[in-house]
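Since the structure comes first, as structure tokens, the remarks are kept for the end.
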Amino acid sequence: EAYFCKLVEEGYIEEIIRVTNLYAFEAKVTNKQTNKALLSVTPIGKARESLLVLLNDNWEDIKQKVDKFCVIRLCEDYAKQKNRSEIASIAACKIIENYIEEVENAREDGWYYQTDKTMMPLLQIVYMMADASTEWIKRFLVKLQIYCDSNDAKEQRFAYELIEETLKN
């Protein structure tokens with residue numbers, strides 16, 4: 001962990017995340033009945049697992065030092081990976097839950113109109129790893145129910161849009 005902290009301080013961890021996001025995949029070419037080659041890319045390896053656990057364990061110290069979109073991509077690719085470990089899945093979900101909370105708390109202009117762009121991509125990652133985030137999902141749905149019952153039209157719209165988008169996907 002000390003080595004990880006040194007990588008963060010020296011700015012290398014972001015580069016490691018970027019490289020993992022670019023290259024930790026297995027490519028498979030298949031020839032379907034249409035006689036066209038199809039390329040499917042599947043996330044593989046233990047690098048994501050290790051990075052996610054380290055990121056989560058040190059989150060408070062490093063959340064401002066890593067690129068949000070690279071970390072989200074790391075979590076998303078991990079969610080798509082076969083044979084996920086429980087520890088890394090929980091770590092990835094906690095990281096994404098932090099970003100969801102950040103979006104929800106920001107409440108910037110029009111925040112309640114942008115759920116498809118701001119919240120749904122994050123929620124989809126958590127939903128893909130529902131086995132590791134069941135309790136959080138339950139709490140989140142209770143919160144949405146409270147928003148639906150609220151007198152605040154913005155909270156109502158936010159909740160209705162998230163529920164609608166969730167049901168679509």
Count I, L, V, M, F, W, Y as connected when their side-chain heavy atoms are under 4.5 Å apart, and connections chain through other members. Are [X] and [Y] then in the same cluster?
| X | Y | answer |
| --- | --- | --- |
| F158 | L141 | yes |
| I16 | V53 | no |
| I137 | L167 | yes |
| L144 | I146 | no |

Is [Y] close to [X] at the side-chain level, that is, under 4.5 Å between some pair of heavy atoms?
| X | Y | value |
| --- | --- | --- |
| I100 | W136 | yes |
| L54 | I13 | no |
| V19 | E15 | yes |
| Y147 | L162 | no |
| M120 | L123 | yes |
| D77 | R48 | yes |

Candidate pair E102 and K68, rule salt bridge (charged side-chain N to carboxylate O under 4.0 Å, His left out), full reasoning: CA-CA 11 Å; E102 181 182 301; K68 173 182 178 175; 3.4 Å; yes

Residues forming a side-chain hydrogen bond (donor to acceptor under 3.5 Å, both in side chains) with Y127, sequence neighbours excluded: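 Scan of Y127 (side-chain hydrogen bond (donor to acceptor under 3.5 Å, both in side chains), adjacent residues dropped) gives T166.
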
State plainly whether the residues [X] and [Y] are in salt-bridge range, i.e. N to O under 4.0 Å.
| X | Y | result |
| --- | --- | --- |
| E76 | K80 | yes |
| E165 | K168 | yes |
| E104 | K143 | yes |

Nearest 0.5 angstrom please: [X] [atom1] to [Y] [atom2], how far?
| X | Y | atom1 | atom2 | answer |
| --- | --- | --- | --- | --- |
| L74 | F69 | CG | CZ | 15.0 Å |
| F140 | S133 | CZ | OG | 11.5 Å |
| N56 | K63 | CG | NZ | 12.0 Å |
| L51 | C70 | CG | SG | 11.5 Å |
| T115 | L122 | OG1 | CG | 11.5 Å |
| T20 | K46 | OG1 | NZ | 14.0 Å |

Nearest heavy-atom neighbours spanning E14 and D67: OE2-N, 3.1 Å

Donor-acceptor pair, side chain of R84 and main chain of A79, under 3.5 angstrom: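 Yes, because the side chain of R84 sits within donor-acceptor range (under 3.5 Å) of the backbone of A79.
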
Test item: Q156 side-chain N/O and S150 main-chain N/O as donor-acceptor pair under 3.5 Å: yes

If you count every heavy atom of other residues, nucleotides or ligands that lies below 6.0 Å from [X] atom [atom1], does the total exceed 12?
| X | atom1 | result |
| --- | --- | --- |
| Q145 | CD | no |
| I87 | CD1 | no |
| E86 | CD | no |

Stepwise salt bridge (charged side-chain N to carboxylate O under 4.0 Å, His left out) test for E135 and R139: CA-CA 6 Å; E135 292 305 314; R139 287 192 309 275; 5.1 Å; no

N/O donor to acceptor pairs below 3.5 angstrom from side-chain atoms of residues 88-97, sequence neighbours left out:
residue: S89; atom: OG; partner: S85; partner atom: O; Å: 2.9

